[in-house]
Amino acid sequence: MLGLGSSAPAAPRPSVSNAGGSYQLLKAVRPAMGGWFEVRLPHFLPGAADLATRALDAIEVLESRLTVYRDDSEVAYLNSNAARGPVEVAPDLFELLQTAIAIHRETAGAYDVTTGALSTAWGFTRGPKRVPSDRERLDALARTGSNKLLLDPERKTVAFDIDGLSINLGSIGKGHAVDVATRVVRDYWLPTAALIHGGRSSLFALGSPPDILSSAWDLSVHHPLDPAATLGTLHLRDRAMGTSGATFQSFDEAGRLYGHIIDPRTGEPPTSGPLSVSVLAPTAAEADALSTAFFLIGPDRAAQILARRRDMGALFVLPAESAGGPLRVATIGLTARDYTPPSRSAAIEVVSLDRSPGSRDRSNPR
């Protein structure tokens with residue numbers, strides 16, 4: 001998953017293209033937050049190009065406030081001053097931090113937005129990427145922890161109870177940006193469907209495609225080790241998806257591969273685990289944050305959390321259990337309405353990890 005980057009240049013002109021069905025979509029793309037954001041709307045929608053541009057403008061404004069790469073951003077100001085005393089923040093940032101803390105507690109600390117010191121120590125914020133010394137890692141770990149954030153809901157203030165703590169919203173900010181763009185489209189005077197992407201990691205599927213034969217957006221699940229291959233299809237309607245994996249953002253040192261997802265409980269990237277995790281949720285911010293946490297805690301603990309969340313589901317891509325064995329795709333809380341496995345293949349094994357199969361239906365109508 002890509003982190004929050006510097007401000008993006010102006011958007012390319014929107015274009016119209018086929019979307020794999022009998023309908024056409026207007027596609028507007030703009031670089032932002034270290035990657036690309038994309039808004040797809042029915043090409044026949046009156047004012048579609050203007051609406052897509054306004055949605056992307058909202059993302060650009062949000063980035064200027066939340067990025068850690070600009071000294072004048074709201075988050076940069078917070079990081080510089082909150083250890084001295086309470087800092088008043090905008091209501092939307094306060095609510096985002098409340099969401100992050102709730103997920104931190106729900107995942108027993110596996111998710112944390114205060115990992116800025118760790119990201120810097122490993123060189124993932126500004127580079128160069130490197131393995132820190134044990135002393136550097138432990139020092140950064142001591143300046144990490146959402147339990148060190150002091151939030152005042154009445155005054156909308158945030159304070160740090162330790163100097164050197166640093167918030168980095170890269171693991172939830174991109175999803176939040178997708179949610180903000182989705183609200184711009186949803187509030188349009190004319191109801192419309194839309195597909196809003198934030199790079200490889202985040203998206204929201206609003207409504208269903210403008211095709212009478214489709215009641216949900218069909219999205220291919222790509223093989224983490226072979227982007228040209230697919231591992232089935234997810235079907236989304238009025239739902240977000242967030243994906244986390246360390247395959248595409250990593251570095252090699254002394255023959256070991258280090259991914260960009262750092263475990264806030266140890267201060268290190270995990271040495272084993274899933275190849276990727278996709279989470280379906282009501283908001284892209286939740287989907288992004290939980291996919292990061294689930295990448296660290298694994299499918300069994302994720303299944304326990306999702307047993308209490310009837311509005312969510314997850315798909316894990318797991319390595320083969322033995323050399324030459326099949327890649328494993330494990331689903332939690334997904335029905336046939338949410339996910340269609342690939343055609344029968346000896347190289348892929350699909351399993352359900354639901355604790356009580358058939359006891360609940362968290363899918364979208366199709």
Side-chain angles (χ1 to χ4, degrees), residues 2 4-66 92 173-222 233-243 278 280-288 338 364-366:
L2 300 177
L4 292 168
S6 58
S7 293
R13 291 177 61 86
S15 63
V16 175
S17 63
N18 289 320
S22 59
Y23 52 91
Q24 288 185 315
L25 296 175
L26 177 139
K27 181 173 72 172
V29 182
R30 184 180 302 182
M33 296 187 176
W36 292 85
F37 278 78
E38 178 181 297
V39 178
R40 297 191 183 193
L41 297 165
H43 80 281
F44 53 77
L45 177 74
D50 178 65
L51 176 59
T53 298
R54 289 197 288 114
L56 292 172
D57 286 346
I59 292 172
E60 192 166 327
V61 170
L62 184 69
E63 178 184 23
S64 69
R65 295 176 50 225
L66 302 188
D92 64 326
K174 184 170 290 187
H176 179 54
V178 168
D179 291 330
V180 167
T182 299
R183 283 196 290 272
V184 171
V185 175
R186 184 179 275 141
D187 292 343
Y188 194 53
W189 67 273
L190 189 63
T192 184
L195 194 62
I196 301 171
H197 284 266
R200 293 190 182 108
S201 62
S202 301
L203 67 87
F204 195 96
L206 182 63
S208 58
D211 183 346
I212 60 173
L213 300 178
S214 301
S215 57
W217 295 91
D218 294 335
L219 304 166
S220 297
V221 180
H222 290 282
T233 304
L234 287 166
H235 314 291
L236 275 69
R237 179 176 180 177
D238 294 324
R239 210 174 194 188
M241 182 181 74
T243 298
S278 295
L280 275 57
T283 69
E286 290 177 297
D288 264 5
D338 303 306
N364 298 302
R366 292 189 73 217

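Given the structure is predicted, the values throughout are model-derived calculations rather than measurements. Residues: numbered from 1 along the sequence shown.
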Between Met33 and Leu62, which heavy-atom pair has the shortest distance, and what is it? CE-CD2, 4.3 Å
Is any side-chain heavy atom of Phe37 closer than 4.5 Å to one of Lys174? yes
Pairing donors with acceptors under 3.5 angstrom, does anything connect the side chains of His235 and Asp218? yes
Hey, could you give me the OG1/CG distance between Thr182 and Leu206, rounded to the nearest 0.5 Å? 6.5 Å
Flag the pair Arg30 / Thr53 as yes when at least one side-chain heavy-atom distance between them is below 4.5 Å, and no otherwise. yes
Close side-chain approach of Thr192 to Pro210, heavy-atom, < 4.5 Å: no
I'd like to know if the side chain of Asp238 and the backbone of Gly207 have a donor-acceptor N/O pair within less than 3.5 Å. yes
Run Val178 and Asp288 through side-chain contact (heavy atoms from CB on, under 4.5 Å) and show every step you take. CA-CA 10 Å; Val178 168; Asp288 264 5; over 6 Å; no
Straight-line distance of Asp338 CG to Leu236 CG, nearest 0.5 Å: 8.0 Å
Could you check Val61 against Val180 for side-chain contact (heavy atoms from CB on, under 4.5 Å), going step by step and ending with a plain yes or no? CA-CA 10 Å; Val61 170; Val180 167; over 6 Å; no
Taking side chain as C-beta onward, heavy atoms only, is Leu45 less than 4.5 Å from Tyr188? yes
How far apart are the C-alpha atoms of Leu56 and Ile59, what are their side-chain angles, what is the distance that settles it, and do they pass the side-chain contact (heavy atoms from CB on, under 4.5 Å) test? CA-CA 5 Å; Leu56 292 172; Ile59 292 172; 4.2 Å; yes
So, the side chain of His197 versus the backbone of Glu38: is there a donor-acceptor pair under 3.5 Å, distance only? no
Ignoring hydrogens, what is the shortest heavy-atom contact between Leu51 and Val184? Give both atom names and the distance. CD1-O, 3.9 Å
Walk me through it: do Arg186 and Phe204 pass the test side-chain contact (heavy atoms from CB on, under 4.5 Å)? CA-CA 11 Å; Arg186 184 179 275 141; Phe204 195 96; 3.6 Å; yes
For the pair Asp179 and Arg183, find out whether any cationic side-chain nitrogen is under 4.0 Å from an anionic carboxylate oxygen. no
